[in-house]
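Just so it is clear: chains get the letters A, B, ... in the order the sequence lines come, proteins before strands, and each one is counted from 1.
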2 protein chains.
Amino acid sequence: MVKHTGRPGYLQIADDLRAQIRGGALAPGSPLPSTAQLAEQYDVSLSSVKTAVGVLRTEGLVVGQQGKGVYVRDAAEAPADLAGEVAELRSAVQELSVRLARLEERVTSTGHPA
Amino acid sequence: MVKHTGRPGYLQIADDLRAQIRGGALAPGSPLPSTAQLAEQYDVSLSSVKTAVGVLRTEGLVVGQQGKGVYVRDAAEAPADLAGEVAELRSAVQELSVRLARLEERVTSTGHPA
DNA sequence: TGAGCCAACTAGGTTAACTATGTTGGCTAG
DNA sequence: CTAGCCAACATAGTTAACCTAGTTGGCTCA
């Protein structure tokens with residue numbers, strides 16, 4: 001499936017999947033084929049598919065869920081506008097802080113088992 | 001060198017290098033240590049270093065020149081990769097969430113009063 | 001029936017081995 | 001002195017093998 005142009009196979013696969021996502025063939029929230037299926041489809045090793053998916057993951061186009069699959073990120077959760085993303089992260093950090101404080105409170109007041 | 005938190009080693013290395021770049025310890029145009037050196041420095045395999053460098057390459061922070069080395073991209077030619085930074089924060093928050101949830105689970109279940 | 005175990009499948013991380021290819025510096029032969 | 005070769009080192013790509021860990025569905029046994 002991958003052509004022997006100069007472009008590495010794993011980038012060709014990443015390109016292809018990216019195009020399918022941008023083009024809507026892979027809708028937000030939908031899963032990519034499993035890595036095993038992709039490996040067969042493109043006729044490359046599992047390792048190369050993992051590398052390709054890793055690129056998309058780094059780009060934030062896709063999120064992996066261990067045990068389930070790799071899902072196309074929702075446009076809503078991947079806002080083009082960075083300010084919104086930052087606001088989202090800020091609230092997430094806020095929430096984590098609260099939970100951590102609660103946990104610290106509990107552990108220091110009651111002692112905790114070794 | 002890499003700590004055994006939940007965060008994968010190759011991401012810790014990528015984080016560290018990214019911080020050095022952002023902090024100016026690795027100036028634009030200057031080369032990173034060779035992959036062999038990094039492998040020794042962080043006490044991981046060559047493969048993990050390659051993965052880490054691959055992340056930075058995907059983020060556009062760094063460019064590799066075959067036969068020579070990996071160079072920090074000029075800030076000018078690396079147009080505002082706030083998106084990359086945000087992506088990084090997102091994954092960090094995600095990872096913290098998981099760790100916190102695990103901790104909460106452990107503390108509440110290991111038998112001591114709420 | 002229902003609870004629990006277990007097998008099969010999923011992604012993810014790490015390492016190793018091998019190949020290709022580019023760069024550089026030193027050495028040698030003419 | 002110079003041209004060419006060659007060894008050493010660099011990134012890059014590909015594959016394979018293990019291991020961890022989460023999910024799911026079916027099967028068994030009480």
Side-chain angles (χ1 to χ4, degrees), chain A residues 1-17 26 29-73, chain B residues 1-17 26 29-73 87 90-92 94-95 97-99 101-103 105-106:
Chain A
M1 175 64 191
V2 294
K3 305 176 183 68
H4 29 295
T5 63
R7 195 155 177 80
Y10 76 95
L11 284 184
Q12 291 183 43
I13 296 173
D15 289 346
D16 196 42
L17 293 174
L26 285 170
S30 67
L32 269 56
S34 79
T35 53
Q37 287 174 326
L38 289 174
E40 188 183 0
Q41 174 181 339
Y42 290 102
D43 193 30
V44 294
S45 70
L46 213 52
S47 303
S48 289
V49 169
K50 282 167 150 191
T51 305
V53 172
V55 169
L56 298 180
R57 221 164 6 122
T58 298
E59 290 176 354
L61 274 179
V62 123
V63 287
Q65 283 188 34
Q66 211 170 1
K68 295 190 71 179
V70 178
Y71 295 87
V72 178
R73 280 194 67 169
Chain B
M1 176 61 190
V2 295
K3 306 178 181 67
H4 28 294
T5 64
R7 194 155 177 81
Y10 76 93
L11 283 184
Q12 292 183 42
I13 296 173
D15 290 346
D16 195 44
L17 293 175
L26 285 170
S30 68
L32 269 55
S34 78
T35 52
Q37 287 175 328
L38 289 174
E40 188 184 359
Q41 174 181 338
Y42 291 103
D43 193 30
V44 294
S45 71
L46 215 51
S47 303
S48 289
V49 170
K50 281 165 144 193
T51 305
V53 171
V55 169
L56 298 181
R57 222 160 10 121
T58 298
E59 290 175 354
L61 274 180
V62 123
V63 287
Q65 283 188 35
Q66 209 172 359
K68 296 189 70 179
V70 178
Y71 296 86
V72 178
R73 277 187 71 171
R90 196 196 305 125
S91 78
Q94 165 66 19
E95 190 247 329
S97 294
V98 171
R99 280 169 59 194
R102 247 195 291 262
L103 200 57
E105 173 64 25
R106 213 176 55 182

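Distance CG (L11(A)) to P (dG13(D)): 6 Å, rounded to an integer number of Å. Atom pair L56(B):CG and dT11(D):P shows a separation of 13 Å (rounding to whole Å applied).
Counting non-hydrogen atoms under 4.0 angstrom, R7(A) reaches nothing in the nucleic acid. Across all strands shown, G9(B) has heavy atoms under 4.0 Å from sugar-phosphate atoms exclusively, and none from any base.
Contacts with DNA chain C (heavy atom under 4.0 Å) in residues 38-51 of chain B: V44(B), S45(B), S47(B), S48(B), listed by number.
Counting all heavy atoms, side chain and backbone alike, R7(A) lies closest to D15(A) at NE-OD2, 2.7 Å. Heavy-atom minimum distance, E59(A) versus T58(B): CG-CG2, 4.0 Å. Residues A14(B) and L56(B) approach most closely at O-CD2, 3.8 Å, considering heavy atoms.
Here P8(A) pairs with Y10(A), L11(A) under the side chain to side chain contact (heavy atoms under 4.5 Å, CB included) rule; sequence neighbours left out. Residues forming a side chain to side chain contact (heavy atoms under 4.5 Å, CB included) with Q37(B) (at least two apart in sequence, or on another chain): P33(B), S34(B).
Between dG13(D) and Y10(A), a contact under 4.0 Å exists linking OP1 or OP2 to a side-chain N or O.
The backbone N or O of Y71(A) lies less than 3.5 Å from no partner atom in the side chain of Q65(A), so there is not a single donor-acceptor pair.
Heavy atoms from other residues, nucleotides or ligands lying under 6.0 Å from CD of E40(B) number 12 at most.
Taking 4.5 Å as the limit, some side-chain heavy atom of L32(A) sits within range of a side-chain heavy atom of V72(A).
With a cutoff of under 4.0 Å to any heavy atom of chain B, the contacted region of DNA chain C is bounded 5' to 3' by dG13(C) to dT24(C).
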Just list the side-chain donor-acceptor pairs under 3.5 Å for residues 42-52 of chain A, sequence neighbours left out, or say none.
| residue | atom | partner | partner atom | Å |
| --- | --- | --- | --- | --- |
| Y42(A) | OH | D16(A) | OD2 | 2.5 |
| S45(A) | OG | S47(A) | N | 3.4 |
| S45(A) | OG | S48(A) | N | 3.3 |
| T51(A) | OG1 | S47(A) | O | 2.9 |

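To the nearest 0.5 Å, atom CG of residue L38(B) and atom CG of residue L17(B) are 6.0 Å apart.
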Taking N or O atoms only and anything under 3.5 Å, show me the protein contacts with nucleotides 7-10 of chain D, one pair per line.
none

